[in-house]
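Naming: A, B, ... by sequence-line order, numbering from 1 per chain.
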2 protein chains.
Amino acid sequence: MCSRRKGDPIPTPSKVKPRKSAGQRSRSRPEVAYHHGDLRRALIEAALALAADGGPAAVSVREAARRAGVSPAAPFRHFASRDALLIAVAEEAQRRFRAEIDAALSDLPADAPLQRLRALAVAYFRWAMRNPAHFEIISTRSAFDHQTSVSVAQDNAELIAMTERLLAEAARRGDMAEIDLKAAQITGRALVYGLARMQIDGHFPRWGVAADDVERTAEQAIDLFIRSLGRRD
Amino acid sequence: MCSRRKGDPIPTPSKVKPRKSAGQRSRSRPEVAYHHGDLRRALIEAALALAADGGPAAVSVREAARRAGVSPAAPFRHFASRDALLIAVAEEAQRRFRAEIDAALSDLPADAPLQRLRALAVAYFRWAMRNPAHFEIISTRSAFDHQTSVSVAQDNAELIAMTERLLAEAARRGDMAEIDLKAAQITGRALVYGLARMQIDGHFPRWGVAADDVERTAEQAIDLFIRSLGRRD
DNA sequence: ACCTGAACACCGTTCAAGT
DNA sequence: ACCTGAACACCGTTCAAGT
């Protein structure tokens, strides 16, 4: 209903010639407005909406094109393949995710590493819960090709390094029992990822956790873990 | 190459008429052999092979039919839809999984609940690691429709009840610190599911765990959790 | 510089017809 | 009682042609 029909007037593209000078990319977004406004953007949003109900598998290039009001071939001007479109969605998701984590930690004291770790875990879970489609696209290998993009990988590496620093700092301060740090890191990560995936994959009901109890339960689990790291005396 | 070609002789079906008497299903498997031998079986196996590389999304009814040497329409005599085929694969996976878990617990003392819980967790992880396609089909909601079958749900419920019993028994025996049992159950489950999914989704490399270290690391994490349940005195 | 239209080789699914 | 063949409405992707 909302797509362009044959015969409708086509808005002419603006006449600007945005020549990127070599080695330099414009700050906000390399692609500029065309006929559509910003087709690239529209396609990413359509893809996300499709993923939101039906999961990543339900994302179709043709359907995204339809929703953006362009022909089936148009998206391939902006994305080399369906996978490339999904990767673009993943990149945006990862960016937003990072921003949210950073915000959650910003007003916490720098000298309370375990408290920061807890906040990190809780923010992670909450984000996954509120952005299930984004989360699944970032996490699930088989969602598409797999080879996650460089920018996603880097963002991820920084997050991993962060958990490492926080644990090391907690140990240095004597906040922790004598636990192998690597083991603690993997345990915490698996716990939080597991909680998020249980939510995404709809497991909580069968484990006897009602929908409006999920968040509280997840926090309880996280607390149990954080406390288990502490000294026992 | 291996599919039947037009003109090849078609083996005639055996002349038995397997009339199921009402309300009673034959023990081993309701479907009997036809022309193909057992097309249902062949399709399930082909589907599994397809899922093994490429994930559940890569399962195609037509390709499964091709591999079984039948026409594209033939599978729909045995499965109402692609989803129904995937559900059949999931049911078989769940059966095998249950058998493996039961075997892992069979030679363990009945009066050591935390030891049994540990063995359950380790067996769960190992099975996921060695049967990634099966595991993903059982676990991932968006793999197909979602509505997992009744038999899968029941098998699952029994496993959940088992973890509950083991924890309650450990508490009764005084093996545990004062911890909310529900919280402990969810924490343990999320940890083990998270470990399994990290493996399936290929996360371990970026968390600095090499392939041949994954199993040992997972067991370390499980031990850390089991120990955190214990009394602190 | 971007988009369309038509085409190709795929899908899941249905249905009449064959044995 | 099971399977084929042809058909339908979809898909991802390519490519010549349009503006």
Visitor: If you measure from CG on B:Leu39 to NE2 on B:His78, what distance do you get to the nearest 0.5 Å?
Guide: 4.0 Å
Visitor: So, B:Arg126 and B:Glu219, do they make that salt bridge, N to O below 4.0 Å?
Guide: yes
Visitor: Is a donor-acceptor pair below 3.5 Å formed from side chain A:Arg82 to base D:dG12, judging by atom type as modelled?
Guide: no
Visitor: Between C:dC11 and B:Arg66, is there an OP1 or OP2 to side-chain N/O distance shorter than 4.0 Å?
Guide: yes
Visitor: What is the separation between atom CG on A:Leu43 and atom P on C:dC3, rounded to the nearest whole Å?
Guide: 9 Å
Visitor: Let's see if you can work this out: which of C:dG12, D:dC3, D:dC15 has an atom nearest to the side-chain heavy atoms of B:Leu39?
Guide: D:dC3
Visitor: For the side chain of B:Glu63, starting at C-beta, report the closest nucleotide among C:dT4, C:dC11, D:dC11.
Guide: C:dC11
Visitor: Across all strands shown, which nucleotide pairs with C:dA7 by Watson-Crick or G-U wobble geometry, both distances under 3.5 Å?
Guide: D:dT13
Visitor: Expressed as a whole number of angstroms, how long is the span from A:Phe76:CZ to C:dG5:P?
Guide: 17 Å
Visitor: From the list D:dT14, C:dC11, C:dA7, which nucleotide is the closest neighbour of the side chain of B:Arg62?
Guide: C:dC11
Visitor: Tell me: CZ of B:Arg77 to C1' of C:dA16, nearest whole Å?
Guide: 11 Å
Visitor: Does atom CD (B:Gln154) have a neighbourhood of more than 12 heavy atoms from anything else shown, all under 6.0 Å?
Guide: no
Visitor: Any strand counts, and the cut-off is 3.5 Å on both contacts for Watson-Crick or G-U wobble. Which nucleotide pairs with C:dT19?
Guide: D:dA1
Visitor: Would you tell me if any nitrogen or oxygen in the side chain of A:His78 comes within less than 4.0 Å of OP1 or OP2 on C:dC2?
Guide: no
Visitor: Would you mind reading off the distance between A:Leu86 atom CG and D:dG12 atom C1', rounded to a whole angstrom?
Guide: 12 Å
Visitor: So, B:Glu164 and B:Arg189, do they make that salt bridge, N to O below 4.0 Å?
Guide: no
Visitor: Hey, does the side chain of B:Ser60 come within less than 4.0 Å of C:dC10's phosphate (OP1/OP2), counting only N and O?
Guide: no
Visitor: Answer with base, sugar-phosphate or nothing: what part of the nucleic acid does B:Ser71 contact at a heavy-atom distance below 4.0 Å?
Guide: base
Visitor: Side chain of A:Val61: nearest nucleotide among D:dT14, D:dG12, C:dT14?
Guide: D:dG12
Visitor: Taking 4.0 angstrom as the limit, do B:Glu92 and B:Arg96 come out as a salt bridge?
Guide: yes
